[in-house]
> 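Could you have a look at this structure, given as structure tokens, before my questions?
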Amino acid sequence: MIGIIRYGAGNIFSLTATLDRLGIAYGMVHNEADFEQFDRFIIPGVGHAGAAMAKLESTGLVPKIKSLKKPVLGICVGMQLLTSFSEEGDADLLDIVPLKTLRFAESPAYKVPHTGWNRVYAEKNNKLFLNIPAGSHFYFVHSYFIEYNSEYTLSSTMYPDKFSASIWLDNFYGVQFHPEKSGAYGETLLTNFSQI
């Protein structure tokens with residue numbers, strides 16, 4: 001069963017509606033004792049990374065999250081929280097994956113925030129992308145991106161340059177896109193995560 005970590009920085013209605021539709025069992029994590037009820041976790045996130053990190057720290061759950069050995073999936077800002085630092089709020093983050101979260105450079109051709117459907121290409125063989133063809137479209141809404149690094153990048157996309165659409169280190173996964181808003185392949189990814 002999936003535990004959704006609640007820390008006040010994520011609108012989880014779309015996520016829980018999708019999990020309900022897929023028949024994937026879930027519950028909420030509010031305190032450290034709740035972690036024992038679940039065998040994998042999702043860190044949702046919407047909005048400002050620095051503010052989200054401050055809210056997460058206020059829960060007292062940071063040491064527990066960093067020590068988890070069960071699968072963890074960060075979504076959007078939840079993925080960015082897994083990195084070491086964000087230019088958004090000049091904030092130190094969880095530092096689980098040694099990458100930086102940077103702001104897109106705005107130009108006439110590339111508006112910020114980056115909003116819409118992008119083709120995503122898996123770069124490693126991992127169960128998270130099982131039965132998801134290369135170049136499948138996923139839905140993005142973000143002004144900050146995680147720098148590309150082949151060691152930790154699980155999948156990539158372009159806007160305008162290559163960046164990490166998803167990352168992976170040990171039991172920690174992150175996706176910059178919103179699988180819960182990405183149609184059939186987003187549902188496949190969430191199903192895959194529930195079975196990792």
> Is the distance between the ring centroids of Phe41 and Phe35 under 6.0 Å?
yes
> Determine the minimum heavy-atom distance between Ile167 and Met79, stating which atoms define it.
CG2-CE, 3.8 Å
> Could Lys70 and Glu36 be called an ion pair, given the rule that one side-chain N must be under 4.0 Å from one carboxylate O?
no
> Check Asp92 against Met53 and note the closest heavy-atom contact, atom names and distance.
O-CG, 3.5 Å
> Is there a side-chain contact between Tyr144 and Leu102 (heavy atoms, below 4.5 Å)?
no
> Considering only NZ, NE, NH1 and NH2 on the basic side and carboxylate oxygens on the acidic side, decide whether Glu87 and Lys100 come within less than 4.0 Å.
no
> Around atom NZ of Lys124, are there more than 12 heavy atoms of other residues, nucleotides or ligands at under 6.0 Å?
yes
> For Ile24, does its backbone N or O pair with a side-chain atom of Ser194 as donor and acceptor, under 3.5 Å?
no
> Verify side chain to side chain donor-acceptor pair (under 3.5 Å) between Ser14 and Glu180, making sure each step is shown before the conclusion.
CA-CA 6 Å; Ser14 295; Glu180 74 279 11; 5.6 Å; no
> Is the closest side-chain donor-acceptor distance between Thr153 and Ser164 under 3.5 Å?
yes
> Do Phe138 and Ser155 have side chains that approach each other closer than 4.5 Å (heavy atoms only, starting at C-beta)?
no
> Do side-chain atoms of Glu106 reach the backbone of Lys111 as a donor and acceptor pair under 3.5 angstrom?
no
> Which atom pair, heavy atoms only, marks the closest approach of Thr83 to Leu99?
CB-O, 3.1 Å
> Kindly indicate whether the side chain of Ile96, heavy atoms from C-beta on, has any atom under 4.5 Å from the side chain of Lys66.
yes
> Please name the residue in the list Tyr159, Phe145, Phe163, Phe140 that meets the ring-ring contact (aromatic ring centres under 6.0 Å, His included) test with Phe177.
Phe140
> Could you check if a side-chain atom of Ile43 sits within less than 4.5 angstrom of a side-chain atom of Val77, using non-hydrogen atoms only?
no
> So, do Leu154 and Glu123 sit near enough that their side-chain heavy atoms are less than 4.5 Å apart?
no
> Taking atom types as modelled, is there a side-chain donor on Asp161 or Tyr148 under 3.5 Å from an acceptor on the other?
no
> Verify whether one side chain among Gln80 and Ser86 offers a donor that lies under 3.5 Å from an acceptor in the other.
no
> Salt bridge (Lys or Arg N to Asp or Glu O under 4.0 Å), that's the test. Do Lys181 and Glu187 meet it? Break it down for me.
CA-CA 9 Å; Lys181 297 180 180 179; Glu187 293 182 352; over 6 Å; no
